[in-house]
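Positions are given from 1 along the sequence.
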Amino acid sequence: MTGDLLLLAVAIIWGSSYLAAKTLVVAGGVLSVLALRYLVSMFAMLPLMLRRRVQRRELGVGVLLGVTQASILVLETYGVSLTSATNAGVLISLTILLTPLMQGGLPPRFFLAAATATGGVVLLVAGPGLRTPSAGDALMLAAAVVRAAHVNLSARLSRPSYDTVTLTTLQTVVGAVVFTVAAWPLTTGGFGTGEWLGILYLALGCSVFAFVVQLWAVRRTSPARASLLLGTEPVWAVLIGVGFGGEHLTAIALAGIALVLTGVYWGQRVERSAREPGTAGTAAPAAVSG
């Protein structure tokens, strides 16, 4: 239960990031914003490493997860800029279906639940309707595939002896190096107090807190369950947009929210029963504890 609540908290925080990211990208550019986000995250995490020793295999896993995490962010960011919000929302929601497909061992009922949640996302973002496929759509689809792989890799490669803080720190170091090199020289001329507060929020909330919780939780549950809970992100993005961004909630969006929540609740029950010994169906792979 604690892990589920924390994953929901991550989904809420990620859902709230869209408003902040829109302003920051205009002021500093995509790569500079990503570089600053990772740099602040790295400097926040490094003091926690003073009394920790990194195992050689742990280093390899952390670097690999850092590469996949950075790939997700850059694919999503550029993908959204090259397609409509509707296409982007629908395509990234495919993670809810792709993650359990990669995990395997789940009954067909789970995929019906995941499809219900995905259908809810379609309604949730179906304002202007789908547009003709573009290069941005290909990037969003790639982001969905990489995100599903990242969640599964986090569960499969994180051994009990590996430290969550160490793996998260390694991810932030990889992202900081990659994006700082890609964005150099960093553009911060248009940044004021509000923009720097936005960077701090993205770094400490959407990266440090979210990455630690995601890795900690996925090692104690299954990738499919984690993906379902994180799949509520569009719901929170819409609700936060209504509450703080002056947007309006339509009847179709309300139906979409209802479908997402129904699919998530149903999928949780199916996934839990599949993991419990003695229940019908094939059990999912045991989650790695840490």
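In this structure, the salt bridge (charged side-chain N to carboxylate O under 4.0 Å, His left out) partners of Arg52, at least two apart in sequence or on a different chain, are Asp163. Annotation: side-chain contact (heavy atoms from CB on, under 4.5 Å) contacts of Ser154 (sequence neighbours excluded): Leu65, His150, Leu215, Val218. In this structure, the side chain to side chain donor-acceptor pair (under 3.5 Å) partners of Thr99, at least two apart in sequence or on a different chain, are Ser227. Take Thr164 and apply the side chain to side chain donor-acceptor pair (under 3.5 Å) test, not counting sequence neighbours, and it matches Arg219. Partners of Gln268 under the side chain to side chain donor-acceptor pair (under 3.5 Å) rule, at least two apart in sequence or in another chain, are Asp4. Considering only residues two or more places apart in sequence or on other chains, Val30 meets the side-chain contact (heavy atoms from CB on, under 4.5 Å) condition with Val25, Leu34, Thr77, Tyr78. For Ser71, the side-chain contact (heavy atoms from CB on, under 4.5 Å) criterion is met by Val67, Val146, not counting sequence neighbours. With sequence neighbours excluded, the residues that form a side-chain contact (heavy atoms from CB on, under 4.5 Å) with Ala114 are Ile96, Leu97, Phe110.
For the pair Leu48 and Ala44, the tightest heavy-atom approach, listed with the atom from each and the gap, is CG-O, 4.4 Å. Residues Gln69 and Tyr38 come closest through the heavy atom pair CG-OH, 3.5 Å. The heavy-atom pair separating Leu24 from Val33 by the smallest distance is O-CG2, 3.4 Å. Listed here is the closest heavy atom pair of Ala11 and Leu229: CB-O, 3.7 Å. Between Ala143 and Glu76, the shortest heavy-atom contact is CB-CG, 3.7 Å.
Considering CH2 of Trp216 and OG1 of Thr168, their distance stands at 12.5 Å, rounded to 0.5 Å. A distance of 12.5 Å separates CD1 in Ile257 from CD1 in Ile252, rounded to the nearest 0.5 Å.
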**OP:** Might you work through the side chain to side chain contact (heavy atoms under 4.5 Å, CB included) test for Leu106 and Val270, ending with a clear yes or no?
**Re:** CA-CA 8 Å; Leu106 288 166; Val270 173; 5.9 Å; no
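For residues 255-269, the set of pairs meeting the salt bridge (Lys or Arg N to Asp or Glu O under 4.0 Å) definition, not counting sequence neighbours, is empty. Applying the side-chain hydrogen bond (donor to acceptor under 3.5 Å, both in side chains) rule to pairs touching residues 55-66 yields nothing, sequence neighbours excluded.
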Distance-only check: which donor-acceptor pairs under 3.5 Å involve side-chain atoms of residues 169-179, not counting sequence neighbours?
| residue | atom | partner | partner atom | Å |
| --- | --- | --- | --- | --- |
| Thr169 | OG1 | Val165 | O | 2.8 |
| Thr172 | OG1 | Thr169 | O | 2.7 |

For a quick test of your reading: what N or O donor-acceptor pairs under 3.5 Å do the side chains of residues 196-214 make, sequence neighbours left out?
| residue | atom | partner | partner atom | Å |
| --- | --- | --- | --- | --- |
| Tyr201 | OH | Ser16 | OG | 2.4 |
| Ser207 | OG | Arg37 | NE | 2.7 |
| Ser207 | OG | Arg37 | NH2 | 3.4 |
| Ser207 | OG | Leu202 | O | 3.4 |

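A single hydrophobic cluster is not seen to contain both Tyr265 and Leu230; linkage of ILVMFWY side chains at heavy-atom distances under 4.5 Å, directly or through other members, places them apart.
Here the side chains of Thr95 and Val151 are not in contact, with every heavy-atom distance at 4.5 Å or above. For the pair Arg147 and Leu98, the minimum side-chain heavy-atom distance is 4.5 Å or more.
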